[in-house]
Protein chains: 2
Amino acid sequence: MLSKKTKYGLKALAYLAGQPDKKPVQISEIAENENISQKFLESILLSLRKTGFLGSKKGKGGGYYLLRSPEEISMTDVMRVLEGPIAMVPCVSLNFYETCDDCPDEHTCSVHKLMLQVRDSALDVYRNNTLKDIIS
Amino acid sequence: MLSKKTKYGLKALAYLAGQPDKKPVQISEIAENENISQKFLESILLSLRKTGFLGSKKGKGGGYYLLRSPEEISMTDVMRVLEGPIAMVPCVSLNFYETCDDCPDEHTCSVHKLMLQVRDSALDVYRNNTLKDIIS
DNA sequence: TATTACCCTACTAATTTAATAGAGTTTTCA
DNA sequence: TGAAAACTCTATTAAATTAGTAGGGTAATA
């Protein structure tokens, strides 16, 4: 299941990508337009800023804005930051690898075998989609 | 994240598929060999029996056995029973569809757009794998 | 310099997951 | 026939995660 955090984060990014200019957009504007709790959105945008996707400006006329153009923002990176591992089990994760304590051998594990394919197919989708591709 | 329930269920199915004959296998044997809590596994096997994947036999010499041959068991069906929806958001689910209350229009929703592709790619993997394909 | 807007910490309610415990029932073999 | 083996069912619980709430603090700009 996709977390609300990821869902809201994606919507906020898409909202910013849909702006005609690069002027900062206030949290309250995004929250209202996308039906998101403002405080919750605040924490999400903060983490997107800390990971280099967004810039922010304080004071009157301030807000958040994209640091890169939408076609340069890959869904792979966004998903990893917002949702975490793309793999459904740690033993097939590229960036968050861990062994399973119950599994004697990954190479003969049927779950491993299946989940490896699922990870690769998801990665394929994320790699082929930038923020530009998913805005209406 | 894949739930333990699904992971254990898949392992148990693979274990049964790897049996030389169709004799019932006791829960305790599967639990020991796959390092699964016996009681937890019990409930998982029960649900696999109720959904038509497994048969069971009570009494001495009893246990669980596959009702169909491994190449007839599609991962799509198994995943839906054990893990639930394959889609990451209800609004792109084929079998568990629900609208999002925060979303005014699915057709212009960027999350919807992306998750539709992720669902299809996962379905592709599950449809192309039977239980036979994933046993070592 | 006052207002606007971002920044940060802590808390909490609800939900889900992964068990655990224990009693009960059915079947089969000896 | 009767006892053991094995499945069936219900209820409880501990831990983790999620989604959000509350509220105060800080920085920047007109």
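By convention in this document, chain letters (A, B, ...) are assigned in the order of the sequence lines, proteins followed by strands, and residues within each chain are numbered from 1. Values below: all heavy atoms of this structure, side chains included; hydrogens, waters and symmetry mates excluded. Just so it is clear, the model here is predicted, and its values are computed rather than measured.
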The answer to which of A:Gly61 and A:Lys50 contacts DNA chain C further toward the 5' end, by nearest nucleotide, is A:Gly61
Given the rule in the side chain to side chain contact (heavy atoms under 4.5 Å, CB included) test, do A:Met75 and A:Leu10 qualify, once you have shown the distances and angles that lead to the verdict? CA-CA 9 Å; A:Met75 285 302 109; A:Leu10 280 171; 3.8 Å; yes
Minimal non-hydrogen separation, A:Leu131 against A:Leu13, with atom names: CD2-O, 3.6 Å
Could you check whether any side-chain heavy atom of B:Arg49 comes within less than 4.5 Å of a side-chain heavy atom of B:Tyr64, counting everything from C-beta outward? yes
Picking from D:dA30, D:dG20, D:dA19, which would you name as closest to the side chain of A:Tyr8? D:dG20
For D:dA30, does either OP1 or OP2 sit under 4.0 Å from a side-chain N or O belonging to A:Lys58? no
Taking only nitrogen or oxygen atoms into account, show me every contact under 3.5 Å that the protein makes with nucleotides 13-17 of chain D, one pair per line with its distance.
none

Nearest-nucleotide check on DNA chain D, A:Lys57 vs A:Leu2; residue mapping nearer the 5' end is A:Leu2
Between A:Glu106 and A:Thr99, does any side-chain donor sit less than 3.5 Å from a side-chain acceptor? no
Output yes when at least one side-chain N/O atom of B:Ser56 is less than 4.0 Å from OP1 or OP2 of D:dT8, else no. yes
Under 4.0 Å from any atom of DNA chain C, heavy atoms only: list the residues of residues 25-44 of chain A that qualify, in numerical order. A:Gln26, A:Ile27, A:Lys39, A:Glu42
Which heavy atom of B:Lys22 sits nearest a heavy atom of B:Tyr65, and at what distance? O-CB, 3.8 Å
In short, B:Glu29 meets B:Tyr15 closest at the heavy-atom pair OE2-OH, 2.6 Å
5' to 3' on DNA chain C, which nucleotides open and close the contacts with chain A (atom under 4.0 Å from a heavy atom)? C:dT4 to C:dC8
Does one hydrophobic cluster hold both B:Val25 and B:Val78, with members joined at side-chain heavy-atom distances below 4.5 Å? yes
